[in-house]
Amino acid sequence: ADLVEHECLRMSVDLYSRRLLHRPDVVAEVDTNDERREDEEESKTDDVNKNNGNDVVVELKELMVEILSTWGDVDYVGLSGIELLDENLSPIRVHERNLSAQPRDMLSVAGHRGDQRTLDKLVDGVRVTTDTAHMWMAPFVASRGARGTASQIGRQWLKIALDRPKRVCALRVWNYNAPGGTERGVCRIRLSADTRSLDGVLVVRKAPGVA
């Protein structure tokens with residue numbers, strides 16, 4: 001189906017399971033660094049009130065994010081942060097041990113020993129920033145047609161594997177926000193929860209390059 005714009009509750013709209021399960025043709029815009037911290041709590045409150053508790057909650061242990069494209073960079077892809085929200089829109093604790101990616105990060109690239117743009121930065125709590133020391137970046141292999149093993153979903157992915165199943169309502173994303181390098185941000189993604197595919201291609205808004 002053709003991608004269409006959908007009605008955003010706010011600039012910082014969260015990606016709710018209801019929209020994934022029942023609106024597979026939607027382009028969802030998820031959080032980027034153009035929002036200030038003081039807006040986030042107000043956003044959560046507004047979203048709860050406007051949806052009247054009718055959002056579908058998905059119980060999952062693993063969330064797979066298949067990365068399909070960047071905002072223009074053909075060599076690298078990155079993010080500043082990710083967050084899962086429970087049915088009350090409260091953050092679900094995610095540790096470095098819960099994260100994996102293919103490729104993992106810049107340390108998998110020859111000559112990048114000591115590079116700070118590692119996978120753990122996605123959950124270090126510093127999201128609204130232009131400091132690349134708090135961002136994740138990896139080679140963008142999807143552009144080269146690289147394929148994973150049969151057990152992997154898609155060609156390039158990021159996975160959150162929780163310690164135990166949780167009831168999840170939303171995924172929140174902060175895109176790669178390095179000044180002059182926002183083309184490395186994630187553009188199009190596809191999600192899977194455990195063995196269930198959450199159909200549809202979703203678009204993550206490009207970061208502004210300022211904090």
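Values reported hereafter were calculated over all heavy atoms of this structure, with side chains retained and with hydrogens, waters and symmetry mates removed. If you read the sequence from its start, that first residue is 1, and numbering goes on from there.
Between Cys169 and Leu89, some side-chain heavy-atom pair lies under the 4.5 Å cut-off. Ile160 places a side-chain heavy atom less than 4.5 Å from the side chain of Leu99. Within the 4.5 Å cutoff, side-chain heavy atoms of Gln156 are placed close to those of Val77. Here the side chains of Leu162 and Leu84 are in contact, with some heavy-atom distance below 4.5 Å. Looking at Ile82 and Leu158, their side chains come closer than 4.5 Å, going by heavy atoms from C-beta outward. Two residues are said to be in side-chain contact when any heavy atoms from C-beta on lie closer than 4.5 Å; Arg117 and Arg184 meet this criterion.
Hydrophobic clustering keeps Trp157 apart from Leu107 (ILVMFWY residues linked when any side-chain heavy atoms are closer than 4.5 Å, directly or through intermediates). When hydrophobic clusters are built by joining Ile, Leu, Val, Met, Phe, Trp and Tyr residues whose side-chain heavy atoms come closer than 4.5 Å, directly or via intermediates, Leu79 is grouped together with Ile92.
Asp124 CG to His134 NE2: the interatomic distance, rounded to the nearest 0.5 Å, is 6.0 Å. One finds the CD atom of Glu83 at 9.5 Å from the OG atom of Ser90 (value rounded to the nearest 0.5 Å).
With sequence neighbours excluded, the residues that form a side-chain contact (heavy atoms from CB on, under 4.5 Å) with Pro179 are Thr130.
A donor-acceptor pair is defined here as one N or O able to donate and one able to accept, closer than 3.5 Å; such a pair exists between the side chain of Lys121 and the backbone of Ala133. At distances below 3.5 Å, at least one donor-acceptor pair connects side-chain atoms of Asp194 with backbone N or O atoms of Glu62. Glu183 places no side-chain N or O within donor-acceptor distance of the main-chain N or O of Asp73, the cut-off being under 3.5 Å. Of the possible donor and acceptor atoms, one in the side chain of Ser69 sits under 3.5 Å from a partner among the backbone N and O of Arg188. Put simply, the side chain of Trp174 never gets that close to the backbone of Val126: no donor and acceptor are under 3.5 Å apart. Side-chain N or O atoms of Trp136 include one that pairs as donor or acceptor with a backbone N or O of Arg104 at under 3.5 Å. At least one donor-acceptor pair under 3.5 Å links the side chain of Asn177 to the backbone N or O of Gly209. Between the side chain of Asp105 and the backbone N or O of Leu119, at least one donor-acceptor pair lies under 3.5 Å. Formation of a donor-acceptor pair under 3.5 Å by the Gln102 side chain with backbone atoms of Lys159 is not found in this model. Formation of a donor-acceptor pair under 3.5 Å by the Ser80 side chain with backbone atoms of Asn175 is found in this model.
When all heavy atoms of Val123 and Glu96 are compared, the closest pair comes out as CG2-N, 4.1 Å. Residues Met135 and Ala178 come closest through the heavy atom pair CE-N, 3.7 Å. The nearest pair of heavy atoms linking Trp71 to Val203 is CZ2-CG1, 4.0 Å. Here the closest non-hydrogen pair linking Ala138 and Pro103 is CB-O, 3.8 Å. The two residues Cys187 and Thr70 have their closest heavy-atom pair at CB-O, 3.3 Å. Considering all non-hydrogen atoms of both residues, Ser197 and Ser192 come closest at CA-OG, 4.0 Å.
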**OP:** Please step through side-chain contact (heavy atoms from CB on, under 4.5 Å) for the pair Leu63 and Leu171, ending with a clear verdict.
**Re:** CA-CA 10 Å; Leu63 180 70; Leu171 168 68; 4.2 Å; yes
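Screening residues 160-170 for side chain to side chain donor-acceptor pair (under 3.5 Å), with sequence neighbours left out, gives Glu87-Arg167, Arg97-Asp163, Asn98-Asp163.
Residue-environment remark: CZ (Arg93) stays at or below the threshold of 12 foreign heavy atoms within 6.0 Å.
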